[in-house]
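One structure is given here, and the rest of the page talks about it.
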Amino acid sequence: MQALLIDDEIVAVNALKRRVDWSRYHVDQVFTAQSMQEAQEIFRQQKIDFMLCDIEMPNGSGLELFEWVKIYYPLTECVYVTCHPEYKYIRKALKLGSADYILKPIDYEELDEVLCELVKRLDKATENTEKIEKIPDEIMQKLISQNVHTEQDQMIRDAKQFILEHMQETIYVEAIANQVHLNEQYLMRLFKKETGMTILEYITNERVTMAAELLVETNFPIVTVAYSVGYGNYSYFTKIFKRYMGDNPKTYRQKHKTAE
């Protein structure tokens, strides 16, 4: 395991390197840097498992450095060691996902607890990675496929829920796509594949089904029923309803209310 210590005060970084028994945390090598730029160069050359970092430094803060690390080296953990107790710094550090936030002067017992927990988490992550690497490719592809299918199912459910919640409105595919964070064309293909219907067919079917229920279960005027399911044009609603149900809305209501 390799660690990186970053602090613009050379005395502070050397003291930290010297006072900690790094072998206790399975650390084979400790690198040091006094700026964001130096730290980035080390990251490019070495695999860093975790870093202890100050907040305020010239030419780039510790917060900016960890933002960069999260993009290019997302498995690297970070513990902030700083003299800044301000909430704005702590909040930002936690939001970035730092493992902990330690104030100077360093309480080395506290640091020991933090590093022990950190190493346990890193060891567990390594074990999980090794287990995954041992899974045969065929099984791994199956697991990935299942996961993708589950995500697709959720997207379709979200799309259907959006349609239901906006039944009275004009529903655009673009609005549904934005809701589920998909490209319009991809959403239309996926929806047809998963449901057997185009989005327009599904919306129409749901509207007619809901209209049929309202006709039977309420005494709303037919024009009100039409409006309730998104049809502002009464004649068009009647035409669509008859196409799907075989009867116009008035006849359908009479038949089914009588049947009840």
Side-chain angles (χ1 to χ4, degrees), residues 67 70-71 74 87-88 90-98 132 135 138-260:
E67 283 183 317
K70 292 289 285 184
I71 295 172
Y87 174 72
K88 65 177 182 179
I90 298 174
R91 183 175 180 274
K92 178 69 172 179
L94 295 177
K95 190 175 180 181
L96 285 172
S98 64
I132 291 172
I135 298 176
E138 185 177 341
I139 296 177
M140 177 59 74
Q141 289 302 318
K142 184 177 180 181
L143 290 173
I144 293 173
S145 177
Q146 289 175 345
N147 185 54
V148 169
H149 191 69
T150 300
E151 291 180 359
Q152 290 177 342
D153 287 346
Q154 184 60 52
M155 289 174 183
I156 296 301
R157 284 195 293 272
D158 290 344
K160 288 180 177 179
Q161 184 63 31
F162 180 86
I163 291 168
L164 181 63
E165 292 174 356
H166 296 80
M167 195 66 77
Q168 284 187 309
E169 307 165 22
T170 300
I171 304 174
Y172 297 100
V173 175
E174 179 184 7
I176 305 172
N178 289 338
Q179 180 67 21
V180 298
H181 309 295
L182 288 178
N183 172 275
E184 290 179 48
Q185 295 300 320
Y186 179 73
L187 172 61
M188 288 190 289
R189 290 196 301 271
L190 178 63
F191 198 96
K192 180 68 181 288
K193 176 185 174 184
E194 296 295 323
T195 67
M197 292 185 281
T198 66
I199 293 177
L200 178 59
E201 288 170 342
Y202 179 81
I203 292 172
T204 303
N205 184 70
E206 288 298 297
R207 281 176 165 160
V208 171
T209 300
M210 184 178 291
E213 292 177 1
L214 291 173
L215 288 168
V216 175
E217 296 176 7
T218 74
N219 292 315
F220 294 159
I222 295 175
V223 67
T224 301
V225 171
Y227 179 78
S228 297
V229 296
Y231 290 103
N233 185 313
Y234 176 78
S235 298
Y236 182 66
F237 167 66
T238 301
K239 179 181 179 182
I240 294 295
F241 190 91
K242 186 174 183 179
R243 182 190 303 167
Y244 273 74
M245 307 305 290
D247 290 310
N248 64 43
K250 182 178 180 180
T251 303
Y252 183 90
R253 169 174 270 176
Q254 291 171 340
K255 284 183 177 180
H256 289 80
K257 274 191 175 290
T258 302
E260 287 189 344

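Hydrogens, waters and symmetry mates play no part in the numbers below; they use all other heavy atoms, side chains included. Note that the numbering runs from 1 along the sequence shown for the chain.
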Would you check if T238 and Y234 make a side-chain contact, meaning some heavy-atom pair closer than 4.5 Å? yes
For a quick test of reading the model, state the closest non-hydrogen atom pair linking M188 to I199 and the distance between them. CG-CD1, 4.0 Å
Stepwise side chain to side chain contact (heavy atoms under 4.5 Å, CB included) check, K160 with T195: CA-CA 10 Å; K160 288 180 177 179; T195 67; 3.9 Å; yes
Enter the distance from F241:CZ to K250:NZ here, rounded to the nearest 0.5 Å. 14.0 Å
If you round to the nearest 0.5 Å, how far is CE of M155 from CD1 of I176? 14.5 Å
Would you indicate whether the side-chain heavy atoms of E174 and L187 approach each other to under 4.5 Å? no
Indicate whether the side chain of N205 and that of E201 have a donor and an acceptor atom separated by less than 3.5 Å. no
What verdict does the side chain to side chain contact (heavy atoms under 4.5 Å, CB included) test give for R243 and V208, after you've listed the backbone C-alpha separation in whole Å, the side-chain angles of each residue and the deciding distance to 0.1 Å? CA-CA 10 Å; R243 182 190 303 167; V208 171; over 6 Å; no
Within this structure, what is the OG1-CD distance for the pair T218 and E213, rounded to the nearest 0.5 Å? 10.5 Å
Take E206 and M210, measure what side chain to side chain contact (heavy atoms under 4.5 Å, CB included) needs, and give me the verdict at the end. CA-CA 6 Å; E206 288 298 297; M210 184 178 291; over 6 Å; no
Looking only at heavy atoms, the pair that brings P249 and I222 closest together is CB-CG2, 3.7 Å
Got a second to check how far M245's CE is from I240's CD1, nearest 0.5 Å? 13.0 Å
Partner of D247 by side-chain hydrogen bond (donor to acceptor under 3.5 Å, both in side chains), out of K242, Q254, K255: K255
In terms of the angle between their ring planes, are Y231 and Y236 parallel, tilted or perpendicular, with boundaries placed at 30° and 60°? tilted
Carefully, step by step, assess Y244 and T209 under the rule side chain to side chain contact (heavy atoms under 4.5 Å, CB included). CA-CA 9 Å; Y244 273 74; T209 300; over 6 Å; no
